[in-house]
2 protein chains.
Amino acid sequence: MLSAAKLVADIRAGKTRIGETLAQVFDTIDAEEELIGAFEAIDHGAARPPATGALCGLPVGIKDIFDTADMPSTYGSPIYAGHMARTDAAIVSLCRRAGATVIGKTVTTEFAFMHAGRTRNPHNPAYSPGGSSSGSAAAVAAGMLPLAVGTQTGGSVVRPASFCGIAGYKPTFGLLPTVGMKTFSWTLDTVGLFGAGVVDVALFAALLTGRDLEVSEEISPPRIGVVETHLWNEASGEMRAAVGEAARLAAAAGARVETLQLAGTYADAFAAHQVIQDFEANLALSYERDNHSDELSAILRETLDAGDAITPEAYDAAQATARSARHGLGKLFADVDVILTPSAPGAAPEGLGSTGSSIFNRLWTLMGTPAVNVPGLVGDKGLPLGVQIVGPVRVDKTTLAAAAWLERVIAARS
Amino acid sequence: MLSAAKLVADIRAGKTRIGETLAQVFDTIDAEEELIGAFEAIDHGAARPPATGALCGLPVGIKDIFDTADMPSTYGSPIYAGHMARTDAAIVSLCRRAGATVIGKTVTTEFAFMHAGRTRNPHNPAYSPGGSSSGSAAAVAAGMLPLAVGTQTGGSVVRPASFCGIAGYKPTFGLLPTVGMKTFSWTLDTVGLFGAGVVDVALFAALLTGRDLEVSEEISPPRIGVVETHLWNEASGEMRAAVGEAARLAAAAGARVETLQLAGTYADAFAAHQVIQDFEANLALSYERDNHSDELSAILRETLDAGDAITPEAYDAAQATARSARHGLGKLFADVDVILTPSAPGAAPEGLGSTGSSIFNRLWTLMGTPAVNVPGLVGDKGLPLGVQIVGPVRVDKTTLAAAAWLERVIAARS
């Protein structure tokens with residue numbers, strides 16, 4: 001895999017040149033893409049930004065749920081086959097402003113929902129890379145890109161990062177702009193970032209936003225609350241063991257680790273996620289549902305029908321539940337810096353039919369809290385098992401630092 | 001003007017037919033449009049929905065800041081001259097689902113900001129109709145449409161409604177979906193509705209959303225707090241007199257009327273509006289700024305430059321100020337149902353160079369509170385002077401009812 005932080009440091013120090021990095025990336029794409037299928041479009045002649053940009057021209061991939069003016073934007077749907085948008089999405093402009101070279105659109109599930117694309121898991125092509133940001137996660141894991149942009153409405157950043165063994169960062173809601181993203185649920189849609197490791201996504205976020213988000217070399221051990229949620233029994237044995245192992249390693253490395261119980265309001269909020277998502281999706285995709293129903297997957301059509309059956313009163317009640325749960329987050333984080341919890345129910349599922357389940361991500365998406373997949377642990381079949389670090393809203397730097405700290409502790413295990 | 005509530009009642013009662021209404025509307029457009037210039041596009045052959053729809057096929061106009069698949073979507077910008085979007089915006093789908101006939105796109109200022117279009121005020125064509133929803137407000141005021149859709153980021157619904165002497169309703173933030181609207185500021189952009197009177201916009205909102213928002217015949221006199229804000233001295237003498245007159249009439253009709261002072265945090269929140277708007281606009285319109293700068297108006301270019309100079313820390317501080325002010329709204333509305341305040345600094349400005357100022361609207365847009373322009377009062381030059389009713393977040397029905405009550409009280413004055 002390609003570390004963006006190392007590449008930027010090497011280019012700045014004159015140890016390598018961006019032309020070499022781009023050549024290496026295109027060579028890897030030539031070698032891997034046919035098997036992995038991470039890209040919807042590749043721009044071999046992508047205009048390179050001035051070398052003065054903070055990202056030094058590093059190549060990035062953009063999930064094909066975002067509009068781009070120079071490559072097709074198909075949103076993973078046959079309705080938009082070949083569609084050329086008139087503008088770049090805001091996150092694409094931010095990438096260019098920060099000096100990235102946008103070299104491709106990465107595969108998304110249909111409208112970033114559940115109907116899978118053709119992307120395979122680089123760790124074992126018989127397995128799913130996760131979704132909905134399938135191509136972004138797989139491209140980084142396969143070394144075809146150092147950085148990629150994705151989105152999460154349920155678990156579409158943290159879960160594929162977990163399955164692919166890379167870092168995935170879902171920032172605090174609204175930190176990165178969704179303008180120019182094909183909307184699924186405006187309460188939930190969150191732009192996220194992928195990189196080889198946590199320091200790489202932190203650097204990417206810092207350079208895109210101009211915010212103090214970079215992770216330093218020296219990080220104090222965080223105070224960690226292990227949260228099993230009411231869905232703990234849905235996690236596989238090896239995932240439960242992975243969370244336990246991460247907690248044990250963290251404690252041994254000096255972190256204060258305690259187990260936290262989630263109040264019942266969070267189980268209610270978990271349930272509210274689907275009500276809000278389905279109700280809003282029926283509005284966000286109203287044109288497609290009303291005019292191109294036969295070109296939607298069965299699972300999406302059924303979900304939009306379910307959304308159409310949700311009353312405004314039920315939607316309002318779900319939003320009230322979410323507000324109440326958000327209000328309680330201060331108490332939840334009163335004595336810990338971050339939460340440690342599974343990134344997914346287990347390792348990647350076999351086959352490409354399903355991109356897996358978002359049940360360990362939905363609550364945190366609805367809460368708007370920053371969440372990071374920490375890679376490094378491996379399951380019985382040699383597939384990655386990610387664990388998730390969640391922090392308080394707007395405390396992204398501490399969250400990223402804690403995730404980077406845990407990543408190092410896991411990497412250093414004997 | 002055409003009352004949507006009366007038209008729907010008459011069509012349901014068999015007193016008139018939708019074909020007659022549509023013929024009348026197109027006749028009025030033929031007679032008035034050349035002078036008023038309210039439309040960007042007119043679809044004379046608009047497909048009429050099944051007569052079973054709740055809105056009975058009533059014609060509506062859509063501000064040209066929303067995407068439509070069957071008419072150009074130009075966002076008031078030469079960059080998008082002739083642009084055909086691939087989808088309908090969600091609010092357009094909602095109009096069609098509710099049984100409206102979408103017959104045209106109405107003029108917007110450039111990207112719904114300040115650079116004016118060619119629309120004239122139907123009360124006196126030498127004056128501005130207000131903006132940015134210029135065409136929607138003018139078309140309703142000229143009797144060319146019974147209903148129209150607009151948006152408000154600063155004061156773009158309530159202000160043009162005030163200048164045009166019609167009802168304008170900015171719902172609680174998020175009540176109507178912005179999906180498919182050209183974004184200016186995602187924290188502020190709010191979809192709003194225009195109609196001849198408050199009962200008309202209330203009916204429109206009820207039928208679009210399936211919510212209990214209709215205004216009944218019997219309304220109890222509301223408890224009203226008159227709020228001058230720290231900008232009272234910016235209001236013209238006749239606007240201050242209009243608010244006083246509305247308060248006097250309300251009290252005489254049985255309302256409990258008191259004067260409320262706004263805490264200093266609301267002056268801070270007013271100032272925060274511009275920081276948030278400009279910072280987000282520089283991201284939302286990043287593609288246009290980075291690629292089509294020479295096709296932007298000077299005022300927009302300067303605003304985006306100003307947005308680019310705002311630090312993330314200043315933006316975060318502005319958002320924190322806004323949250324704090326929203327948190328205090330419960331106290332503000334503790335003893336009153338609604339607030340009465342100016343809809344604009346005065347009557348419409350002369351000439352078409354400026355669509356007027358949003359200083360009496362920005363705070364309420366940022367707060368996300370429902371706001372309604374109540375028409376009926378008239379200034380020295382015979383131009384309308386609207387007063388604004390603002391209610392608590394998510395208490396739209398009470399807000400609409402209070403506005404309708406005040407509208408009747410004003411209409412019944414001797």
Side-chain angles (χ1 to χ4, degrees), chain A residues 67-70 73 75 79-80 83-97 172 174-187 189 206 209-213 279-292 308 310-313 315-316 319-320 323 394, chain B residues 67-70 73 75 79-80 83-97 172 174-187 189 206 209-213 279-292 308 310-313 315-316 319-320 323 394:
Chain A
D67 283 342
T68 43
D70 56 356
S73 303
Y75 320 137
I79 300 170
Y80 292 91
H83 168 55
M84 292 299 296
R86 280 289 288 263
T87 58
D88 285 336
I91 191 71
V92 176
S93 295
L94 279 182
C95 285
R96 298 194 205 274
R97 285 179 178 181
T172 290
L175 187 79
L176 296 173
T178 55
V179 179
M181 172 191 170
K182 183 71 176 166
T183 305
F184 197 85
S185 161
W186 54 88
T187 297
D189 292 345
T209 64
R211 291 170 184 274
D212 175 25
L213 292 170
F279 183 90
E280 293 184 355
N282 173 48
L283 298 176
L285 296 175
S286 51
Y287 174 79
E288 291 79 5
R289 179 167 182 258
D290 294 352
N291 296 278
H292 296 275
D308 197 48
I310 295 168
T311 63
E313 292 73 23
Y315 171 76
D316 290 350
Q319 287 282 18
R323 280 195 301 277
R394 292 185 293 279
Chain B
D67 283 342
T68 43
D70 56 354
S73 302
Y75 319 137
I79 300 170
Y80 293 91
H83 169 54
M84 292 298 296
R86 280 286 289 261
T87 58
D88 285 335
I91 192 70
V92 176
S93 294
L94 279 182
C95 284
R96 298 194 205 275
R97 285 180 178 181
T172 290
L175 187 79
L176 296 173
T178 55
V179 180
M181 172 192 171
K182 183 71 177 165
T183 305
F184 198 85
S185 162
W186 54 88
T187 297
D189 291 345
T209 63
R211 290 170 185 275
D212 175 25
L213 292 170
F279 183 91
E280 294 185 356
N282 173 49
L283 298 176
L285 296 175
S286 51
Y287 173 79
E288 291 79 4
R289 179 167 181 258
D290 294 352
N291 296 277
H292 296 275
D308 196 49
I310 295 168
T311 63
E313 293 72 24
Y315 171 76
D316 290 349
Q319 288 282 18
R323 280 195 301 276
R394 291 184 293 280

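Everything quoted here is computed from the prediction, not taken from an experiment.
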*Evaluate side chain to side chain contact (heavy atoms under 4.5 Å, CB included) for Y80(A) paired with T87(B), printing each intermediate quantity in order.*
CA-CA 10 Å; Y80(A) 292 91; T87(B) 58; 2.5 Å; yes
_R97(B) vs D290(A), salt bridge (Lys or Arg N to Asp or Glu O under 4.0 Å): CA-CA, chis, key distance, verdict_ = CA-CA 9 Å; R97(B) 285 180 178 181; D290(A) 294 352; 2.8 Å; yes
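Contact count against chain B (heavy-atom pairs under 4.5 Å) is highest for D316(A) among D212(A), D316(A), T187(A), T178(A). Counting heavy-atom pairs closer than 4.5 Å to chain A, the top residue among G174(B), A90(B), G180(B), A89(B) is A90(B).
A distance-only check finds a donor-acceptor pair linking the side chain of R86(B) to the backbone of I79(A) [under 3.5 Å].
Shown here are the side chain to side chain contact (heavy atoms under 4.5 Å, CB included) partners of R323(B), two or more places apart in sequence or in another chain: R394(A), Q319(B), A320(B), R326(B). Annotation: side-chain hydrogen bond (donor to acceptor under 3.5 Å, both in side chains) contacts of S185(B) (sequence neighbours excluded): E280(B). Taking the side chain to side chain contact (heavy atoms under 4.5 Å, CB included) definition, one finds that T209(B) meets it with L176(B), R211(B), L213(B), sequence neighbours left out.
Listed in order of number, the residues of residues 282-289 of chain A that approach chain B to under 4.5 Å between heavy atoms are N282(A), L283(A), A284(A), S286(A), Y287(A), E288(A), R289(A).
Contact annotation for A85(B): neither backbone nor side-chain heavy atoms come within less than 4.5 Å of a heavy atom of chain A.
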